[in-house]
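Down below is the structure, laid out as structure tokens.
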Amino acid sequence: MRAQKDNPGGPAQNPATKYVSLFRHGSHQSGTRAYLRPTQMTDSMTRKAYFGQQIGTGFEADVHSPSGAPKEGLVKVEKAEDGDPSGRAWRPVELGLRPEAPSDAMKAYLAGEFVTRTRKEP
Amino acid sequence: MAQVRNWQLGRDMDYPYVADRPAKQFTMIMDTNKCIACQSCTIACKSTWTWGKGQEFMLWNNIETKPFGFYPTAWDVNLLELLGEQEWEGDVYSGQTVFEAAPAGERVLGWTPAEEDWSHPNIGEDEPTGNADDTTYMPENPHSLMWMYYLQRICNHCTYPACVAACPREAIYKRPEDGLVLVDQTRCRGYQECLTACPYKKTMFNLETRVSEKCIGCYPKLEQGLQTQCTTACIGRLRLTSYLSAPDEVDPRKPADYLVHVRRLALPLYPQLGLEPNVYYIPPVHVPTKYLTQMFGPGVERAVETYRNAKDDPELLGLLMLFGATERIWHTWEVADGVARAFDEAGEEVVAVPLREPTFTRPFEFATDVAGEPATGYRHNT
């Protein structure tokens, strides 16, 4: 910790041992500092089930079992567009193109109702 | 308006120009059942043709998940909604095409995508219908509750292109030698009428050059007798670049004629729109028939049945096995002694593929050698 504060631009090198840490912060530096890696702390993590449309939070075997959430999955989230379930949804939902809220046209499309086929009498 | 014959509709229809079929027609056959949406085709196309300025959003080739995937957004739902409910009487289309349903003063019924509609090529990717909680995964076939599949899309190089019909500059033309539909970059003034007219939304506007462009069928490769980039990059070997004969000159020895006209296994995309598109799809076997009829026309049940029986049909199986087996365009094929062979126009063999991959049994190196016991088990590590 001291090393990374001392060297704002340089490597996080321990002045006593000369050990250079790969990570400058967090429990990545030590396997004993946290019981789980941050990528496996799934209790409040929002995710979609592997198959189907259900969004939920918490551990989901299909999603987290192989390796935990990937590190690159932990990102800073900023608002890009409307997507609040209580207010305006993102554009594809507003257009009625998503499975949870299809428009009348989308429902007809899914059911194949834009075309009917009458069979000719032999 | 001229009257032209559209064999896919089983009737004549209105089109602004008289019919002038090319000497041979570029075609691509897609086997939707083999696609895993790896987008190798998309990247092969992108890195060959649309890596320039103004082409950032362009995917002349794209794979979209159906039914929730679209590029551009909602392209087919919007058009079908505009056209309304239409009808097939048996195999004859009694509804209206996009030319016949054109509003007064227009040549084609169409809609114009917004700029943002081109920005989400992966919308709905891998999205199935229904919920896994509501059903078992595969209750029956075709699946009624949960299904999805991948649709491979390039320009259809239509026999009656809506982009050609709509262009006020006559800047888009159909090459007489192979039926490719191309945009003359020097004649185009960027009015974007073709973007509105093409129901498949496969003409695109270059914001840098201010003119329209589209899939060119890799014509520099075709002219050397090679299949397109998207075809040869396909790891699933689901594509075939070939040529289709006119409907009254069908030659069953040619692969595309055989699949499209003789076996009727490969079907056009949205034939009811009236463009006589020249990309043909072997429909997915697990998708509800009504949806498939809406998308590929009235022949889907028969095509699915034929595909399901292909394993007992050496001639057809051999032809399907030759997809993606060579970069060269081939013209005839034969199946004999468990091997499918493709030939060029001169009759020279281009490639040979076994119908069944040979298997080999390794010699029994580590047999247990215990007195009084048969040597049947592998030795465990001890």
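Remember, it's a predicted structure, so these values are computed and weren't measured experimentally. Every chain is numbered from 1 and lettered A, B, ... according to where its sequence line falls, protein lines coming before strand lines. All values below come from the heavy atoms of this structure, side chains included, with hydrogens, waters and symmetry mates left out.
- Across every non-hydrogen atom of B:Gly10 and B:Val92, the tightest pair is O-CG1, 4.0 Å.
- Put simply, the side chain of B:Thr129 reaches to within 4.5 Å of the side chain of B:Trp147, judged on heavy atoms.
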**Request:** Run the numbers on B:Asp126 and B:Tyr150 for side chain to side chain donor-acceptor pair (under 3.5 Å), then give the verdict.
**Result:** CA-CA 8 Å; B:Asp126 291 353; B:Tyr150 301 120; 2.6 Å; yes
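- Residues A:Thr46 and A:Ile55 meet the side-chain proximity criterion, which asks for heavy atoms closer than 4.5 Å.
- Using bins of under 30°, 30° to 60° and over 60° for the plane-to-plane angle, the ring pair B:Tyr71/B:Trp118 lands in the perpendicular bin.
- When all heavy atoms of B:Phe99 and B:Gly274 are compared, the pair lying nearest together is CE1-O, 3.6 Å.
- For a residue to count as touching a neighbouring chain, one of its non-hydrogen atoms must lie under 4.5 Å from one of that chain's; by this rule B:Tyr93 does not touch chain A.
- For B:Glu87, the parts lying under 4.5 angstrom from a heavy atom of chain A are both the backbone and the side chain.
- Salt bridge absent: B:Glu64 and B:Lys201 never bring a charged side-chain N and a carboxylate O closer than 4.0 Å.
- B:Asn156 is not listed as a side-chain neighbour of B:Leu275, based on a closest heavy-atom distance of 4.5 Å or more.
- For A:Ala111, the part lying near chain B is the backbone, with the side chain staying farther off; criterion is any non-hydrogen pair under 4.5 Å.
- When B:Glu81, B:His120, B:Lys66 are compared by the number of non-hydrogen pairs under 4.5 Å with chain A, B:Glu81 comes out ahead.
- Counting heavy-atom pairs closer than 4.5 Å to chain B, the top residue among A:Asp104, A:Leu95, A:Leu110 is A:Leu110.
- Close approach to chain A, defined as a heavy atom under 4.5 Å from one of its heavy atoms, is seen in B:Lys290, B:Tyr291, B:Thr293, B:Gln294, B:Met295 of residues 288-297 of chain B, taken by number.
- Only the side chain of A:Arg91 comes within contact range of chain B, with heavy atoms under 4.5 Å apart.
- Aromatic ring orientation, B:Trp7 versus B:His261: tilted (interplanar angle from 30° to 60°).
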